[in-house]
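As a basis for the values below, the full set of heavy atoms in this structure was taken, side chains included, without hydrogen atoms, waters or symmetry mates.
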Amino acid sequence: GRGFAFRRKQKIEQQYRKLLKKRRQVHSQQGDQFTDTYPEHLKHLYLAEEEKLRRRRRTPDGSVSSEEKLNQAADGCGIYGYVCLMIISVSRTCTFPSRSVVTQEKFKNKTSNQKAKEEYEKIKAEHARKKEEAEKRRQQREEAQRLYKKKKMEAYKILSKKTKKGQPNLNLQVEFLLQKIQQNT
């Protein structure tokens with residue numbers, strides 16, 4: 001029959017459908033978020049500003065003069081043509097140095113996310129440097145141990161040699177001690 005496994009399957013399917021529905025709602029909200037909505041009584045000002053920005057982007061490439069474009073923008077605005085023309089001319093003549101200072105300050109002042117990223121990069125670089133130093137120390141230690149063991153083995157081979165009768169070979173031991181004394185001086 002329909003036991004616990006079937007009920008569990010239905011519950012999982014329901015959760016999946018709920019998740020899909022939430023995702024669709026989020027996507028629709030995100031789409032609405034980026035559309036420009038202007039107040040009705042100021043709409044003509046915003047549109048004129050957009051047009052001005054569009055013209056600014058086109059001027060290096062286009063051959064039409066900026067005055068002709070101003071006239072076209074004024075004609076396109078209809079009733080508010082004169083107002084558009086005035087706003088554009090005023091915005092051209094008035095320069096706002098305070099705006100540039102603010103934008104430069106914005107770039108200088110980092111957000112908390114940027115600060116956290118930089119701090120993370122610093123910590124990561126520090127860890128990498130420490131790891132590299134530890135690796136170098138380990139390799140040096142291993143090399144020193146290898147040389148020490150090699151030297152010790154050679155000394156052991158010389159000192160452990162025996163004569164035919166099984167006695168220690170004193171001649172080799174004395175030569176070994178002589179070499180050691182010569183190396184130290």
Side-chain angles (χ1 to χ4, degrees), residues 1-37 49-50 53-62 95-185:
R2 295 183 173 186
F4 69 94
F6 180 76
R7 277 189 233 110
R8 184 171 46 184
K9 180 183 170 192
Q10 281 185 328
K11 188 176 180 181
I12 291 170
E13 287 175 351
Q14 181 186 9
Q15 288 173 346
Y16 179 71
R17 285 192 293 271
K18 193 190 283 186
L19 181 72
L20 287 178
K21 190 183 275 188
K22 279 185 183 178
R23 282 190 182 169
R24 277 190 225 116
Q25 287 175 355
V26 167
H27 287 304
S28 65
Q29 289 172 357
Q30 284 178 353
D32 295 341
Q33 183 181 6
F34 297 109
T35 57
D36 292 331
T37 54
E49 189 71 17
E50 276 183 25
L53 290 173
R54 268 193 230 113
R55 250 185 272 106
R56 229 184 242 166
R57 275 188 234 127
R58 287 187 211 147
T59 48
D61 299 332
T95 56
F96 299 104
S98 61
R99 282 187 182 175
S100 63
V101 171
V102 170
T103 55
Q104 288 172 355
E105 286 177 9
K106 280 184 185 177
F107 288 119
K108 286 180 185 175
N109 296 336
K110 295 174 184 166
T111 63
S112 60
N113 189 29
Q114 289 172 330
K115 288 177 186 175
K117 278 184 182 180
E118 283 185 2
E119 193 172 321
Y120 171 73
E121 291 298 326
K122 285 179 186 175
I123 291 170
K124 197 174 180 183
E126 183 69 22
H127 282 304
R129 188 182 60 78
K130 284 183 179 178
K131 202 172 193 179
E132 202 173 289
E133 287 175 1
E135 183 66 24
K136 284 180 183 177
R137 283 196 306 268
R138 186 184 62 79
Q139 286 177 351
Q140 288 174 349
R141 189 171 56 244
E142 285 177 357
E143 184 66 22
Q145 284 179 345
R146 190 180 59 76
L147 288 172
Y148 173 75
K149 284 182 181 179
K150 184 179 176 184
K151 212 174 192 182
K152 196 84 168 168
M153 189 57 109
E154 289 173 358
Y156 174 75
K157 283 181 181 177
I158 291 171
L159 295 174
S160 66
K161 288 216 172 171
K162 309 273 187 214
T163 59
K164 288 180 183 178
K165 293 183 178 180
Q167 299 298 316
N169 193 339
L170 295 177
N171 289 336
L172 292 176
Q173 288 181 6
V174 170
E175 283 180 26
F176 177 73
L177 290 173
L178 182 66
Q179 285 177 357
K180 207 174 195 181
I181 291 168
Q182 286 174 349
Q183 282 178 356
N184 288 341
T185 56

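In this view, Gln140 satisfies the side chain to side chain contact (heavy atoms under 4.5 Å, CB included) rule with no residue, not counting sequence neighbours. Residues satisfying the side chain to side chain contact (heavy atoms under 4.5 Å, CB included) criterion with Ser112, sequence neighbours excluded, are absent altogether. The salt bridge (Lys or Arg N to Asp or Glu O under 4.0 Å) test applied to Glu118 returns Lys110, not counting sequence neighbours.
One finds the CG atom of Leu178 at 10.5 Å from the CD atom of Gln183 (value rounded to the nearest 0.5 Å). The distance from atom NZ of Lys9 to atom CZ of Phe6, rounded to the nearest 0.5 Å, is 6.5 Å. Taking CG from Leu19 and CD from Gln15, the interatomic distance works out to 9.5 Å, rounded to the nearest 0.5 Å.
Few gaps surround CD on Glu121; more than 12 heavy atoms of other groups in view lie less than 6.0 Å from it.
Within the structure, every pair that satisfies the side chain to side chain donor-acceptor pair (under 3.5 Å) test and touches residues 122-132, not counting sequence neighbours, is listed here: Glu126-Arg129, Arg129-Glu133. Pairs engaging residues 141-162 under the side chain to side chain donor-acceptor pair (under 3.5 Å) rule: Arg138-Glu142, Glu143-Arg146 [sequence neighbours left out].
A heavy-atom distance below 4.5 Å is not found between the side chains of Glu119 and Lys115.
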Solution key, residues 163-174 side-chain donor-acceptor pairs under 3.5 Å, sequence neighbours excluded:
from, atom 1, to, atom 2, distance (Å)
Thr163, OG1, Gln167, N, 3.2
Thr163, OG1, Gln167, O, 3.2
Asn169, OD1, Asn171, N, 3.4
Gln173, NE2, Leu159, O, 3.4

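Remark: side-chain polar atoms of Gln25 are not paired, donor with acceptor, to backbone N or O of Lys22 under 3.5 angstrom.
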